[in-house]
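Here is the structure we will look at.
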Amino acid sequence: MGGQWFYWAVLSAVFAALTAIFAKIGIAGVDADFATLVRTILIAFILTAFVLYTDKWINPSALAPKTWWFLGLSALTTGASWVCYFRALQLGEASQVAPVDKFSVVLVALFAVVFLGERPSLGDWGGIALVASGVLVLALKR
C-alpha cells in the first residue's frame, strides 16, 4: 500500500477537476443551493449502490460514538463546503473558483499540525507555500 495513496489522490484530483466543470455547466439557470441538494441526493444513491455492490455494508449501529461524531462533523463541513463552492461557481469562473477552493490544501496542512500532530518536512512546507502563492496569483489575476 506504500505508494497507492498517490494514485488514488491523483484520481481524486482528476474527479475534482471534472466536478468543477460539470457543476459549472449543471448549475446554469438553477439555484446553486438546489443544485447542491440534487447532487447530494445523487451521491447518496450512487454510494449506497457502490457499498452494497462491493459488499462493504456494515450495521451502522456497530460504529463507535466517536466515529459518528466526527463523520457527522465531516458531513456538516462537506455540506457547507459544497454550498459555498456551488455559489462561488455560479458567481465566478471555474478557472478562478477551483484554484481558490484548493487553498484547502494549505489549511489541511495547518490543521493537521494543530489537530493531528503531524509534522510536515521543510520541503513539504515549501510545496504548501507554493500552493498558497499559486492561489493568491489566480485569485488576484483580475
Side-chain angles (χ1 to χ4, degrees), residues 1-139 141:
M1 288 248 205
Q4 287 186 359
W5 68 266
F6 182 78
Y7 299 109
W8 287 105
V10 168
L11 286 172
S12 175
V14 169
F15 290 128
L18 290 172
T19 296
I21 301 306
F22 296 156
K24 181 67 177 175
I25 296 167
I27 61 174
V30 178
D31 177 75
D33 296 336
F34 184 75
T36 303
L37 173 64
V38 170
R39 174 187 182 202
T40 303
I41 291 167
L42 291 171
I43 289 169
F45 280 118
I46 292 165
L47 282 176
T48 299
F50 177 77
V51 167
L52 291 172
Y53 176 76
T54 57
D55 200 31
K56 294 182 180 180
W57 180 265
I58 63 168
N59 184 344
S61 65
L63 297 176
K66 179 181 176 181
T67 300
W68 276 106
W69 175 249
F70 282 99
L71 289 179
L73 289 173
S74 177
L76 288 172
T77 55
T78 296
S81 173
W82 288 357
V83 165
C84 295
Y85 187 73
F86 268 50
R87 183 77 48 85
L89 277 177
Q90 199 158 51
L91 299 171
E93 295 182 21
S95 61
Q96 279 183 298
V97 172
V100 173
D101 176 66
K102 295 311 172 213
F103 188 68
S104 64
V105 170
V106 176
L107 296 176
V108 166
L110 295 173
F111 293 162
V113 167
V114 173
F115 298 114
L116 303 176
E118 294 184 7
R119 297 291 173 241
S121 69
L122 187 58
D124 293 338
W125 283 116
I128 293 163
L130 287 172
V131 170
S133 301
V135 168
L136 285 174
V137 167
L138 289 166
K141 74 177 183 181

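Residues: numbered from 1 along the sequence shown.
- Just one of Val108, Val114, Val106 meets the side-chain contact (heavy atoms from CB on, under 4.5 Å) condition when paired with Leu110; it is Val106.
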Side-chain atoms of residues 59-67: list all donor-acceptor pairs with protein atoms under 3.5 Å, sequence neighbours left out, distances to 0.1 Å.
unit_1, atom_1, unit_2, atom_2, d
Asn59, OD1, Ser61, N, 3.0
Asn59, OD1, Ser61, OG, 2.9
Asn59, ND2, Ser61, OG, 3.1

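- Side chain of Gln90 to backbone of Tyr85: no donor-acceptor contact under 3.5 angstrom is found.
- Contact between Val135 and Pro99 at its shortest, heavy atoms only, is CG2-O, 3.3 Å.
- In terms of heavy-atom proximity, Ala23 sits nearest to Phe86 at CB-CZ, 3.7 Å.
- Within a 6.0 Å radius of CH2 in Trp69, other residues, nucleotides and ligands contribute 12 heavy atoms or fewer.
- In this structure, Val97 and Ala88 approach most closely via the heavy-atom pair CG2-O, 3.3 Å.
- Here the closest heavy-atom approach between residue Ala109 and residue Ile128 is recorded as CB-CD1, 3.3 Å.
- Here the side chains of Gln96 and Val100 are not in contact, with every heavy-atom distance at 4.5 Å or above.
- Applying the side-chain hydrogen bond (donor to acceptor under 3.5 Å, both in side chains) test to pairs two or more places apart or on separate chains, none has a residue in residues 12-29.
- The CG atom of Leu71 sits 11.0 Å away from the CG atom of Leu76 when rounded to the nearest 0.5 Å.
- To the nearest 0.5 Å, the span separating OG on Ser95 from CD1 on Ile21 amounts to 8.5 Å.
- Residues passing the side-chain contact (heavy atoms from CB on, under 4.5 Å) test with Leu11 are Trp8, Phe15, sequence neighbours excluded.
- Put simply, CZ on Phe111 and CG on Leu116 are 11.0 Å apart, with the number rounded to the nearest 0.5 Å.
- Residues that satisfy the side chain to side chain donor-acceptor pair (under 3.5 Å) test with Thr77, not counting sequence neighbours, are absent from this structure.
- Within the structure, salt bridge (charged side-chain N to carboxylate O under 4.0 Å, His left out) pairs that include any residue of residues 98-121 do not occur (at least two apart or interchain).
- Listed by chain and residue number, Val51, Thr54 satisfy the side-chain contact (heavy atoms from CB on, under 4.5 Å) test with Lys56 (two or more places apart in sequence, or in another chain).
- Under the side-chain contact (heavy atoms from CB on, under 4.5 Å) criterion, Ile41 pairs with Leu37, Phe45, sequence neighbours left out.
- With sequence neighbours left out, the salt bridge (charged side-chain N to carboxylate O under 4.0 Å, His left out) criterion links Arg87 to Asp33.
- With sequence neighbours left out, Thr48 forms a side-chain contact (heavy atoms from CB on, under 4.5 Å) with Leu52.
- Closest non-hydrogen pair, Ala20 versus Leu89, comes out as O-CD1, 3.9 Å.
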